[in-house]
2 protein chains.
Amino acid sequence: MHVLVTGGGGYIGLELCRQLIERGDRVRVVDRFFFGDAPLLELAERSGGRLEAILGDVRAIDDAWFEGIEGVSHLAGLSNDPTAEYNPDANWQMNAIATERLGEACKRHGIARLVFGSSASLYDGIGPGMFDERTAVQPRGAYSISKKYGEDALLALAGDGFAPTILRQGTVYGWSPRMRFDLVVNTFLKDAATVGKLYLHGGGWQWRPLVDVGDVARAHIVCLTAPLDVVGGEIFNVMQENYQVRQLAMLVAGSLSLHGRHVALEEAPLPKLVRDYRMTNLKMTQRLGFTPAVTVLESIDVMLGKLPLDNVGWLANPRWYNIAWMSVLEEVHASQRAFASIY
Amino acid sequence: MHVLVTGGGGYIGLELCRQLIERGDRVRVVDRFFFGDAPLLELAERSGGRLEAILGDVRAIDDAWFEGIEGVSHLAGLSNDPTAEYNPDANWQMNAIATERLGEACKRHGIARLVFGSSASLYDGIGPGMFDERTAVQPRGAYSISKKYGEDALLALAGDGFAPTILRQGTVYGWSPRMRFDLVVNTFLKDAATVGKLYLHGGGWQWRPLVDVGDVARAHIVCLTAPLDVVGGEIFNVMQENYQVRQLAMLVAGSLSLHGRHVALEEAPLPKLVRDYRMTNLKMTQRLGFTPAVTVLESIDVMLGKLPLDNVGWLANPRWYNIAWMSVLEEVHASQRAFASIY
């Protein structure tokens, strides 16, 4: 299969490209490379010529990207709340409008399969409960509102041979060559290793659906290869399990204690905006026979084998935090000014 | 409702009686009181005359027990592997044969509702995977073999106005006035408080389905009160969630660390018999609209508020361990000798 992966240089994208190459597929990556292209180029070198990297921005779609493409995984865009709030215009253009344009381009080029990496954060803010793909969502932040627009736009385009699939991805954890430490499990692991202390805001009783980065990539491949009548026009939650944040802190602290490191847990006041939501992954299990299986504990174990735990400088490098790496944010600003003339 | 609770003086039974009394029901308890009757008598005193305690043995059923009874929750019997292995005859008579006799008695007395506290350990030994009520089980220990016999016997009796319900209860955790510390979460809590160290056998990666004692009691009440055509002749898994044992140790250690106590985690060799199984609670959720909700973390928090953590003598009292309290085991032996003439 020849797959176009937007955002293929990012946290999930790299793992997806690795799995596709391992399967024997051909991959074309389009990425703005805000966070560097080194890990992807390294993967390209090992791909036997089956991975092609294009420096491109989803806000300026190029017809050449789609030549020979049989399926698209769309992972490009801003990937968390703080970045989206930092430049709501850039977020809207990348996450909402560009997603719609990408769907239109696929339809124009006769590409039926587009798998969109949406977000489980759509379920936030509608109170307690267990949510599935039929839940009436009410996104409340710039990030989740833009993801919802992208979903709706793609589903509205479905038909005439275009059959997009929406993946509402839980909060991701796990190792990737382009690491992210702004995600709760990874953040805890970094804080535990560098500061030796984890704060449980409001006791950390809030629920979050979580999923390993390798399982998210597998979910994309499952949807890129499943019968079109099973996945076309469908939304699937992608999750290993719902966890309470308090539990995650304890799993990180416990795992590190087995490595001889003491981690203190401390209760702290609640921040202003608390995310608290649960979802079910039943639809994916029943319709696709795929259930994300790598637990937080198993993923922590892998990360502890890969992360340079004693290299505090590396762990604390703001490069790994989407919001803290100011040079990236300034680049986002600059790029949005450049694109302001296009839209 | 007037409910007969066999084993009402035990770990789950006491909590079930408490909830029934709180609902305004009348309760008749039949219990051998191997572990004492004090907590039940205390509850009876607060029941306004709605709780009646009978010293009786399910191996010698008395027709008088059923007078005026509208539903039965059957919790009597030996309740773990070591006790069952210690006296397999007593286990067979109490858990298998007595269950069948109880079903026959209900049918004879025109009592449609019998809810049987069976065990999720039936799913052990059939390899990895996720099991539901339709799974072909192959129990391998004295305890689970006897529970399976009880299930089959009751289901074979179903009909002619008799409509038993089987609850396959996960490993239970949580506070009860008749405490048990032979159950994994409770054991970890006791060991953490008394020894300050928890061992993860084989890394503790094995899966176990778990459920809070209050949720098990609620499941019984849901089945005692649901429409008969929904619960009659049905098996339901009762579980909050599947956990890896490693995870449970970390949740206990983390919870105690928030109470200022350091708990060491240590990997240890695997014991001979490792329980490793997962199940789904989907059927109960979908058919009965009830899902056990009290998490291990929440239950630990309650127990930490109730247990005398600094009273090592109390925590380490063998009275709380079904297998270690030799006087009980000898009583089991003696009682079985007495009943040998009956069967």
Side-chain angles (χ1 to χ4, degrees), chain A residues 128-130 132 185 188 192 196-200 202-207 210 240-268 278 280-283 285-286 289-302 304, chain B residues 128-130 132 185 188 192 196-200 202-207 210 240-268 278 280-283 285-286 289-302 304:
Chain A
M130 179 67 79
D132 69 11
V185 173
F188 277 156
K197 186 178 275 193
L198 299 181
Y199 291 99
L200 304 175
W205 294 105
Q206 320 86 268
W207 287 96
L210 281 107
Q240 186 263 321
E241 196 49 83
N242 297 289
Y243 290 82
Q244 286 173 299
V245 170
R246 181 181 181 91
Q247 190 177 355
L248 301 174
M250 291 179 185
L251 298 184
V252 167
S255 298
L256 273 165
S257 90
L258 286 171
H259 283 67
R261 288 161 180 269
H262 177 64
V263 179
L265 301 176
E266 206 165 292
E267 308 219 32
R278 270 192 275 192
T280 164
N281 59 8
L282 192 64
K283 183 176 174 185
T285 299
Q286 293 186 330
F290 174 72
T291 313
V294 180
T295 65
V296 165
L297 263 182
E298 290 159 354
S299 195
I300 289 174
D301 212 46
V302 170
L304 288 179
Chain B
M130 180 66 80
D132 69 10
V185 173
F188 277 156
K197 185 178 278 193
L198 300 180
Y199 292 99
L200 305 174
W205 295 105
Q206 320 86 267
W207 286 96
L210 281 108
Q240 186 262 321
E241 195 50 82
N242 298 290
Y243 291 82
Q244 287 172 298
V245 170
R246 182 180 179 92
Q247 190 177 355
L248 301 173
M250 292 178 185
L251 298 183
V252 167
S255 297
L256 273 165
S257 91
L258 286 169
H259 283 68
R261 288 161 181 268
H262 177 64
V263 179
L265 301 176
E266 205 165 292
E267 309 218 33
R278 271 192 274 191
T280 163
N281 59 8
L282 192 64
K283 184 177 173 185
T285 300
Q286 292 185 330
F290 173 72
T291 313
V294 180
T295 65
V296 165
L297 263 181
E298 289 158 357
S299 194
I300 290 173
D301 212 47
V302 171
L304 289 179

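No experiment lies behind these values; they were computed from the predicted model shown. Letters go in sequence order (proteins before strands), and every chain restarts at 1.
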* To do: State, to 0.1 Å, how close B:W205 and A:D301 come at their nearest heavy-atom pair, and which atoms those are.
  => CZ2-OD2, 3.7 Å
* Asked: With only heavy atoms counted, which part of A:L200 is less than 4.5 Å from chain B, the side chain, the backbone, both or neither?
  -> side chain
* Structure fact -> Turns out that what part of A:E241 lies under 4.5 Å from chain B's heavy atoms comes down to side chain
Show me the side-chain donor-acceptor pairs of residues 246-259 of chain A shorter than 3.5 Å, one per line, residues at least two apart or across chains.
from: A:R246; atom 1: NH1; to: A:G203; atom 2: O; distance (Å): 3.0
from: A:Q247; atom 1: OE1; to: A:Q244; atom 2: N; distance (Å): 3.4
from: A:S255; atom 1: OG; to: A:L251; atom 2: O; distance (Å): 2.7
from: A:S257; atom 1: OG; to: A:G254; atom 2: O; distance (Å): 3.0
from: A:H259; atom 1: ND1; to: A:S255; atom 2: O; distance (Å): 3.2

* Trace of the side-chain contact (heavy atoms from CB on, under 4.5 Å) decision for A:W207 with B:T295 -> CA-CA 11 Å; A:W207 287 96; B:T295 65; 3.3 Å; yes
* To do: Output all residues satisfying side chain to side chain contact (heavy atoms under 4.5 Å, CB included) with B:A293, sequence neighbours left out; order by chain, then residue number.
  => none
